[in-house]
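Worksheet: one structure, shown below.
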Amino acid sequence: MTHEALMREAIRLSLENVRSGTGGPFAALIARKGEILAVGTNLVTSQNDPTAHAEVVAIRHACQRLQTFELKGCDLYTTCEPCPMCLGAIYWARLERVFFGNTRHDAAEIGFDDAFIYDEIPRDLSARKLPMIPLLREEALTAFHAWQHSTTKKPY
């Protein structure tokens, strides 16, 4: 399938998601060499899961299908520029490219404004609106040290 055909499929899925009342107007799919591996739609309200954004759902499905946590060589087609959470998931999944339809500004115009998150990320922890309170760092570091010396770890 062409890039345009894959994006049109994502758009079709987003419209279907809106019409069914399942979730917001977002859909994504993951393809490799023009073949769809996985799809995802926004399921935030139907699953009561704030992380169930279309991109994250598609990544989860693709990783399960391929039995891996890396999606190297795969492309993501999403109906909207990814939010900060999805962008993080995309980088962690090591997707090759992201094709998107609407911009984050288009999303903000219909009530999906994540600008406050983009604004929060570069702030010092003490300046964030959500209190970020360090606690028991020395004890928490024990797990990091155990990982560092583990002979069974699988790096990612």
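All values below come from the heavy atoms of this structure, side chains included, with hydrogens, waters and symmetry mates left out. Numbers here are sequence positions counted from 1.
For Thr45 against Gly23, the heavy-atom pair with the smallest separation is OG1-CA, 4.0 Å. Taking all atoms of both residues into account, the shortest heavy-atom contact from Ala27 to Ala10 is CB-O, 3.2 Å. Taking all atoms of both residues into account, the shortest heavy-atom contact from Gly40 to Ala54 is O-CB, 3.5 Å. Across Pro84 and Ile121, no two heavy atoms sit closer than the pair CB-CD1, 4.1 Å. Nearest heavy atom pair, residue Ala31 against residue Gly34, reads CB-C, 4.5 Å. Heavy-atom minimum distance, Thr41 versus Val57: O-CG2, 3.9 Å.
Not one N or O on the side chain of Asn102 forms a donor-acceptor pair closer than 3.5 Å with the backbone of Ala107. Glu109 places no side-chain N or O within donor-acceptor distance of the main-chain N or O of Asp106, the cut-off being under 3.5 Å. Under the 3.5 Å distance criterion, the side-chain polar atoms of Ser20 are matched with a main-chain donor or acceptor of Glu16.
Between Glu81 and Thr103, the side chains place no donor N or O within less than 3.5 Å of an acceptor N or O (distance only, hydrogens not considered). Looking only at atom types and distance, the side chain of Arg19 has no donor-acceptor partner in the side chain of Ser14 under 3.5 Å away.
Here Asp49 contributes atom CG and Asn42 contributes atom CG; the two are 10.0 Å apart, rounded to the nearest 0.5 Å. Distance CG/Asn17 to OG1/Thr79: 9.0 Å, rounded to 0.5 Å. To the nearest 0.5 angstrom, Leu29 atom CG is 8.5 Å from Thr78 atom OG1. Between atom CD of residue Glu70 and atom CG of residue Leu66 there is a gap of 11.5 Å, rounded to the nearest 0.5 Å.
By the 4.0 Å N-to-carboxylate-O rule, Glu35 lies too far from Arg32 to be salt-bridged with it. By the 4.0 Å N-to-carboxylate-O rule, Arg8 lies too far from Glu4 to be salt-bridged with it.
At least one test fails for Arg97 against the ring of Tyr77: distance under 6.0 Å to the centre or angle within 45° of the axis.
The local environment of OH in Tyr91 is sparse, with at most 12 non-hydrogen atoms from other residues, nucleotides or ligands closer than 6.0 Å. Environment of NZ in Lys153: crowded, with over 12 heavy atoms of neighbouring residues, nucleotides or ligands closer than 6.0 Å.
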Evaluate the criterion side-chain contact (heavy atoms from CB on, under 4.5 Å) for residue pair His61 and Val39; output intermediate values, then yes/no. CA-CA 7 Å; His61 288 262; Val39 300; over 6 Å; no

Apply side-chain contact (heavy atoms from CB on, under 4.5 Å) to Arg94 and Leu71, showing your working. CA-CA 6 Å; Arg94 296 171 178 87; Leu71 297 174; over 6 Å; no

Stepwise side-chain contact (heavy atoms from CB on, under 4.5 Å) test for Asp75 and Val98: CA-CA 6 Å; Asp75 294 325; Val98 176; over 6 Å; no

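Side-chain contact between Trp92 and Phe69 is absent, with no heavy-atom pair separated by less than 4.5 Å. Residues Arg104 and Cys83 have side chains not in contact (no heavy-atom distance under 4.5 Å, counting atoms from C-beta outward). Contact annotation: the side chain of Ile36 never approaches that of Ile30 to less than 4.5 Å [non-hydrogen atoms, C-beta and beyond]. Between Glu96 and Cys74, the closest side-chain pair of non-hydrogen atoms is not below 4.5 Å. Arg123 places a side-chain heavy atom less than 4.5 Å from the side chain of Lys129. Put simply, the side chain of Leu76 reaches to within 4.5 Å of the side chain of Ile90, judged on heavy atoms. Contact of the Phe100 side chain with the Cys80 side chain is not registered, since no non-hydrogen atoms from C-beta on lie closer than 4.5 Å. Contact check for Leu95 versus Ile59: side-chain heavy atoms found under the 4.5 Å cut-off.
The residue from Asp114, Thr51, Val56 that alone fulfils the side chain to side chain contact (heavy atoms under 4.5 Å, CB included) condition with Cys86 is Val56.
Clustering ILVMFWY residues whenever any of their side-chain heavy atoms sit less than 4.5 angstrom apart, transitively, puts Phe26 in a cluster other than the one holding Val44.
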